[in-house]
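Just so it is clear: chains get the letters A, B, ... in the order the sequence lines come, proteins before strands, and each one is counted from 1.
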There are 2 protein chains.
Amino acid sequence: MTTMTAADSRSEAKEAYDAFLAACPSRALLDRISDKWVSLVLVALADGSRRYSELSRQIAGVSQKMLTQTLRILERDGLITRELTVSVPVRVDYTLTPLGASLLTILAAIKDWAEANMDEVFVARERYDEQARSASA
Amino acid sequence: MTTMTAADSRSEAKEAYDAFLAACPSRALLDRISDKWVSLVLVALADGSRRYSELSRQIAGVSQKMLTQTLRILERDGLITRELTVSVPVRVDYTLTPLGASLLTILAAIKDWAEANMDEVFVARERYDEQARSASA
DNA sequence: CTGCATCCCAAACGATACTG
DNA sequence: CAGTATCGTTTGGGATGCAG
């Protein structure tokens, strides 16, 4: 019991770290916006409410499953609201909450950096790949 | 050939959308920082160079594989540099490039929003879960 | 129209063992 | 010390079918 394998101490460190991460707000936010569809939905709702089917069309390429799942997550987090209109057929509208709207400023910052600097990243990638090719040749 | 199944048109739309996404700088940046370890490495390098083993210790919980992989990606993107010192044993230092350092401001913005607002998100989650529980009871 | 349940495949990741 | 190679498991996510 006084002896501990390397695997033991590693898994112990991992548990402590996981706990740390779970409590970290930045990590939690990163987990949210890193979701492939979250940012797209948020942006789609930026200028007002949208129906489920409108989102489905506007965010081409998203599956029903992922759209529904994404909307649930955002609703649960208080970033959007879901309004059900009981008629035939049913109608559901999604709207940003003030909290959700405030997240758009973060997205805008990301967009700004990307548009200003991603070109440089792409160039770096090509340079790296080119060098890797010539090294292996 | 004039007829197209729903599945066909969907996969066609998906291809077009994927192409659109691949060319989108914001998407590319999101793909980077959404990586679980990228932001942690970037922050770890914020105040200067670090050796591989230092990073490995500082970012507890990361496996060798993921750390190496993350460092390669960041190096390829021109966000960090890798300096090899040939001695026995070998020594490798990683350092942020100006480009990588500029990304820290984005990370800081995320951190600020998270610290200011994630509490509200957590409360929303509890409220949502509580309601879900009482609804199923 | 909106959404849930199921199946299933591919990619991501961790653990482990081995190398210059 | 700083990786690379391989394997097995987990997870994400699409396709499909069904339901209120």
Side-chain angles (χ1 to χ4, degrees), chain A residues 5-15 17-18 21 31-32 34-38 40-41 49-76 80-95 132 135-136, chain B residues 5-15 17-18 21 31-32 34-38 40-41 49-76 80-95 132 135-136:
Chain A
T5 68
D8 284 340
S9 56
R10 235 180 292 121
S11 83
E12 193 169 84
K14 185 183 184 307
E15 272 178 49
Y17 199 66
D18 286 350
L21 284 185
D31 282 346
R32 267 299 139 273
S34 71
D35 190 287
K36 185 177 180 184
W37 302 111
V38 162
L40 294 170
V41 169
S49 302
R50 290 285 181 277
R51 298 184 57 174
Y52 180 91
S53 51
E54 290 177 316
L55 290 173
S56 183
R57 242 174 299 113
Q58 190 168 342
I59 310 174
V62 68
S63 64
Q64 281 189 336
K65 177 184 174 177
M66 291 318 294
L67 180 55
T68 300
Q69 181 177 316
T70 302
L71 291 168
R72 283 298 161 283
I73 289 174
L74 293 177
E75 187 193 0
R76 183 168 104 102
I80 64 175
T81 57
R82 176 180 187 270
E83 189 180 0
L84 173 69
T85 306
V86 185
S87 60
V88 181
V90 202
R91 173 194 178 110
V92 181
D93 290 86
Y94 292 94
T95 313
S136 71
Chain B
T5 67
D8 284 341
S9 56
R10 235 179 293 123
S11 82
E12 193 168 84
K14 186 182 183 310
E15 273 178 49
Y17 199 65
D18 285 349
L21 285 185
D31 281 346
R32 267 297 138 275
S34 71
D35 189 287
K36 186 177 179 185
W37 303 111
V38 163
L40 294 170
V41 169
S49 303
R50 289 286 181 278
R51 299 184 56 173
Y52 180 91
S53 51
E54 291 176 316
L55 289 172
S56 182
R57 242 174 299 113
Q58 189 167 344
I59 309 174
V62 68
S63 63
Q64 281 189 338
K65 177 182 173 179
M66 292 316 295
L67 180 56
T68 300
Q69 185 179 105
T70 302
L71 291 168
R72 285 296 166 282
I73 289 174
L74 293 177
E75 188 193 0
R76 183 168 103 102
I80 64 175
T81 57
R82 176 180 187 270
E83 189 181 359
L84 173 70
T85 306
V86 185
S87 60
V88 181
V90 209
R91 173 195 179 109
V92 181
D93 290 86
Y94 292 94
T95 313
S136 70

- prompt: Can you tell me how far the OG1 atom of B:Thr70 sits from the NZ atom of B:Lys36, to the nearest 0.5 Å?
  reply: 10.5 Å
message: Could you measure the distance from the CG atom of A:Leu55 to the OH atom of A:Tyr94? Nearest 0.5 Å is fine.
response: 8.0 Å
Any idea which of [options] is nearest the [X] side chain?
{"X": "A:Trp37", "options": "C:dC1, D:dG14, C:dG3", "result": "D:dG14"}
{"X": "A:Gln64", "options": "D:dG3, D:dG17, C:dG14", "result": "D:dG17"}
{"X": "A:Arg82", "options": "C:dT6, C:dT2, C:dG20", "result": "C:dT2"}

task: Assign A:Val90 to base, sugar-phosphate, or nothing according to its heavy-atom contacts below 4.0 angstrom with the strands shown.
output: base
Quickly work out the [X] [atom1] to [N] [atom2] distance and round it to whole Å.
{"X": "A:Leu40", "N": "D:dG13", "atom1": "CG", "atom2": "P", "answer": "12 Å"}
{"X": "B:Leu71", "N": "D:dT4", "atom1": "CG", "atom2": "P", "answer": "10 Å"}
{"X": "B:Glu83", "N": "D:dG3", "atom1": "CD", "atom2": "P", "answer": "13 Å"}
{"X": "B:Leu67", "N": "C:dA12", "atom1": "CG", "atom2": "C1'", "answer": "16 Å"}
{"X": "B:Met66", "N": "D:dT11", "atom1": "CE", "atom2": "C1'", "answer": "13 Å"}
{"X": "B:Arg72", "N": "D:dA5", "atom1": "CZ", "atom2": "P", "answer": "11 Å"}
{"X": "A:Asp93", "N": "C:dC1", "atom1": "CG", "atom2": "C1'", "answer": "12 Å"}
{"X": "B:Lys65", "N": "C:dT16", "atom1": "NZ", "atom2": "C1'", "answer": "11 Å"}

Contact under 4.0 Å: [X] side-chain N or O vs [N] OP1/OP2:
{"X": "B:Ser63", "N": "C:dG14", "answer": "yes"}
{"X": "B:Arg51", "N": "D:dA2", "answer": "yes"}
{"X": "B:Tyr94", "N": "D:dG3", "answer": "yes"}
{"X": "A:Ser53", "N": "C:dT2", "answer": "yes"}

Looking at [X] and [Y], what are the two nearest heavy atoms and their distance?
{"X": "A:Val62", "Y": "A:Ser56", "value": "CG1-O, 4.3 Å"}
{"X": "B:Thr85", "Y": "B:Val90", "value": "O-CG1, 3.6 Å"}
{"X": "A:Glu54", "Y": "A:Arg51", "value": "OE1-N, 2.6 Å"}

- request: Please tell me which of A:Gln69 and B:Arg91 maps to the more 5' nucleotide of DNA chain D, matching each residue to the nucleotide holding its nearest heavy atom.
  value: B:Arg91
